[in-house]
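Okay, structure first, notes after.
Residue numbers start from 1 in every chain, and the chains themselves are labelled A, B, ... in the order their sequence lines are given, proteins ahead of strands.
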Amino acid sequence: MLTILFDGIAYGLLLFILAVGLSITLGLMNFINLAHGAFAMAGGYITVVMVNRLGLSFFWSLPAAFIVTAALGASLERTLYVRLYDKNHLDQVLFSLGLIFMSVAAVDYFMGANQQIVNLPPALDGRLEFLGASIGYYRLFVIILCSLLTIGLQLVLTKTRFGSRLRASVDDQRVARGLGIDVSKIFALTFAIGSGLAGLGGALATPFFNIDPTFPLKYMIYFLIVIAVGGTTTITGPFLSALLLGVADVAGKYYVPAIGGFIIYTIMVLVLIFRPQGLFGRVTGR
Amino acid sequence: MTSLAADTRVATADPGTRLVAKARWRWPEFLLWLFAIALIWIAPSRYLLFNEIVILALLALSIDLVLGFAGIVTLGQGAFFGLGAYTAGLMAKHGMGTFPWSDPLLGLVGAAIVAGFVGFLSSFLVLRGSDLTRLMVTLGVALIVQELGNKLDWITGGADGLQGVMPAPILGLFDFDIYGRNAYLYSLCTLFVLFLIARALVNSPFGLSLRAIKGNLTRARAIGIPVERRLVVIYTVGAAYAGIAGALLAQTTQFVSLDVLSFERSADALLILVFGGVGTLYGALIGAIAFKAMYDVLASATPEYWGFWLGLALVLLVLFARGGIMGLMAALMERFGRRRMGDA
C-alpha cells in the first residue's frame with residue numbers, strides 16, 4: 001500500500017517535471033505544443049548515449065540532458081516556434097505534430113527503433129525497508145530531486161523579478177507589454193527552461209520506462225491530461241494533477257490490472273463533466 | 001432556421017438564391033468524378049490502391065465536416081473509423097454471408113449507427129472547454145476505444161485481427177472479386193453519395209450556421225444559433241462518416257486489424273485534409289490522392305523514415321502554404337481572374 005503510494009508519487013512528480021514547461025508555455029503564449037514530449041525524448045536519449053555508449057556516469061547525464069535540450073528548445077523557439085504564435089490552434093497542432101513525426105523518424109534513424117535500457121548506477125540500485133514499505137533508492141532519488149526542482153520553480157516564480165514578470169505576462173500579456181516587459185524574451189527563456197526540464201524529466205524517466213522512439217506519442221495524452229486537469233494559470237494546478245494522475249495510474253495498474261489502463265481516462269472524463277475548466281483552474285476570460 | 005435568415009439577410013437581399021448559387025456544380029467537379037470512374041479503364045491493375053485512396057478520402061471528409069466547418073480540432077477520428085470497421089467486420093463475419101447481416105450496405109448502415117452513437121455520446125465531452133481540452137478528449141476517446149479493442153480480444157480478435165470477414169455480394173448481385181474492381185466501384189459510389197450529402201449539408205442554412213459558430217462562437221450564440229445542439233449534430237454526423245469509411249475498409253479488405261484504431265490513422269487523415277485544404281470538401285479527396293502519391297514515391301525508398309518526410313511536409317505546409325492544395329489552386333484561379341471553385 002505504502003509502496004504503491006510511494007511509486008505513484010515518484011511517477012507523479014516525474015510527470016510534473018515533464019509537463020510543467022508545457023503548462024507555462026501554453027499559459028503564456030496560448031501555444032499548444034504537442035511536441036513537448038519530443039524534448040523529453042531528446043533528454044532520454046542523451047542519457048542513453050552518455051551512459052551506455054560513452055560510459056559516463058548517470059549523474060553527469062542529468063545536467064547534460066537539461067542543458068542540451070534547453071539549448072535545443074531555445075534554438076527551435078527562435079527559429080520556428082516564434083512564427084506560429086499568432087496562428088490558430090489547428091496550425092500549432094499540425095506544426096507540432098510534424099515536429100513529432102520528424103523527431104520520431106530521426107531518432108529511429110540514429111538510434112534504432114528498439115527500446116533502450118539504461119542501467120542505474122550502483123548507488124541508486126537497491127531498496128530500503130521503511131515502515132513496512134519497500135522503497136527503491138532510485139524512486140527516492142527521483143522524489144527528492146523533483147521536489148527540490150518544484151520548490152525551486154515555485155520560489156523563482158514567486159520571489160524573483162523574473163518570476164513576477166512571467167506571472168504578469170501570463171495574466172495579461174498585453175498589459176505586461178504595455179508596462180515595458182519584454183514578453184517575447186521572457187517567453188524564449190521560459191520555453192528553453194521548460195524544454196530543459198522536459199529533457200531532464202526524460203532522462204530521469206528512462207530507467208523507469210525504457211525509452212523508444214515512440215515516446216512523444218505515447219506520453220502526449222498524459223501531458224495533455226496533466227495540463228487540462230491542472231489548468232495553465234499556476235504551477236500548483238499541474239503539480240496536483242500530476243500527483244493525482246501518477247498515484248491513480250500506478251494504483252490502478254497494480255490493483256485492477258485488467259482495467260488499469262482506463263483509470264486515467266476515467267479521471268479525465270469525470271473532471272471534464274464536473275469541472276470543464278480544469279480541477280484547479282481558475283475561470284478566466286481566455 | 002429563423003436565426004440564420006437573420007444572419008444572411010444583412011449580406012444579401014435573398015439568402016436563398018445566394019445559397020443555391022453557391023451550391024451550383026462547376027466543371028472541375030464533374031471532371032474529377034469522371035476521372036475517378038475512368039480510372040477503371042486507365043489503370044485496371046491498381047484497384048487496391050484506388051480503393052485505399054477512396055477510403056482515406058472519406059475519412060478525411062469526415063474530419064472536414066467536423067474541423068473545416070465547425071472548427072473542432074480532433075485527433076481522434078480514428079476511433080470512429082475503427083468502430084465502423086469492427087461493426088461491419090463483425091456483422092459480415094457472423095452473418096455467414098447471408099442476407100440480413102452480411103449485406104454490405106446494411107453493414108455500412110450498422111457501422112454508421114454504432115460510430116454515430118459513440119460520436120453522439122462523446123460529443124458532449126467535446127463541447128466542453130477549449131481547443132486544448134478538445135484535443136485531449138478526442139485523443140483520449142480514441143485511446144480508450146483502442147485499449148478496448150485490444151482488451152476485448154474475444155470479440156475483436158485482439159492483436160491477431162478479425163479474420164473471416166465475408167460480406168455478401170453487393171445488392172445481392174456484385175461479388176467482391178480478387179482484383180478489387182467491384183470493391184473500388186462500391187467504395188467510390190459510397191463516397192460519391194456521402195459527398196453529395198455533405199455538400200448539401202454545408203451549403204444548407206445548417207452549414208452556414210456551423211460556419212458562423214466557427215467564425216465567432218459568442219456572436220453566433222448572440223444571434224440565436226443553438227451552438228451546442230449544432231455541434232452535437234455535426235460531430236455525430238462526422239463520426240458516422242468515419243464509421244462508414246472504416247466499414248468500407250473492413251468489407252473490401254475482408255480483414256480488420258487493431259491498426260484501424262491507431263493514432264497514426266487519425267493523424268494521417270488530418271494531414272490529408274490539411275494537404276488538400278480544410279473546409280473545402282474537395283480538399284479531402286485531392287489530399288488523399290496527393291498523400292498516397294507522396295507515400296508511393298517517398299516510402300518506397302525508405303519506408304521506415306516516411307514519418308520524417310511527412311513531418312517535414314507538415315511543418316512546411318503550416319509555415320508557407322496555408323490552405324493546402326485547394327488554397328493554392330484557389331490562389332491560381334484568382335490570379336487568372338476566374339471565379340473560385342474551391343469555395344464550396
Chain A heavy atoms under 4.5 Å from [X]: which part of the residue, side chain, backbone, both or neither?
{"X": "B:Leu319", "result": "both"}
{"X": "B:Val73", "result": "side chain"}
{"X": "B:Val137", "result": "both"}
{"X": "B:Leu316", "result": "neither"}

Looking at B:Ile144, B:Leu270, B:Val274, B:Leu67, which makes the most heavy-atom pairs under 4.5 Å with chain A? B:Ile144
Top contributor to chain A contacts, counting heavy-atom pairs under 4.5 Å, from B:Leu310, B:Leu143, B:Leu75: B:Leu143
Name the option with the most non-hydrogen atom pairs under 4.5 Å to chain B; the candidates are [options].
{"options": "A:Leu97, A:Leu80, A:Asn88", "result": "A:Leu97"}
{"options": "A:Leu224, A:Ile227, A:Val104, A:Leu34", "result": "A:Leu224"}
{"options": "A:Gln92, A:Arg83, A:Met220", "result": "A:Met220"}

B:Phe80 and B:Ser122: which non-hydrogen atoms are nearest, and at how many Å? CZ-OG, 3.8 Å
Which heavy atom of A:Ile225 sits nearest a heavy atom of B:Met136, and at what distance? CA-SD, 3.6 Å
Heavy-atom cut-off 4.5 Å, strictly under: side chain, backbone, both or neither for A:Ile32 against chain B? side chain
In terms of side-chain heavy atoms, does B:Gln77 have a donor or acceptor partner in B:Ser62 at a distance below 3.5 Å? yes
Donor-acceptor contact present, side-chain [X] to main-chain [Y], <3.5 Å:
{"X": "B:Lys292", "Y": "B:Glu52", "value": "no"}
{"X": "A:Ser195", "Y": "A:Ala70", "value": "no"}
{"X": "A:His36", "Y": "A:Leu18", "value": "yes"}

For A:Lys87, enumerate each residue passing the salt bridge (charged side-chain N to carboxylate O under 4.0 Å, His left out) test, keeping only those at least two apart in sequence or located in another chain. none
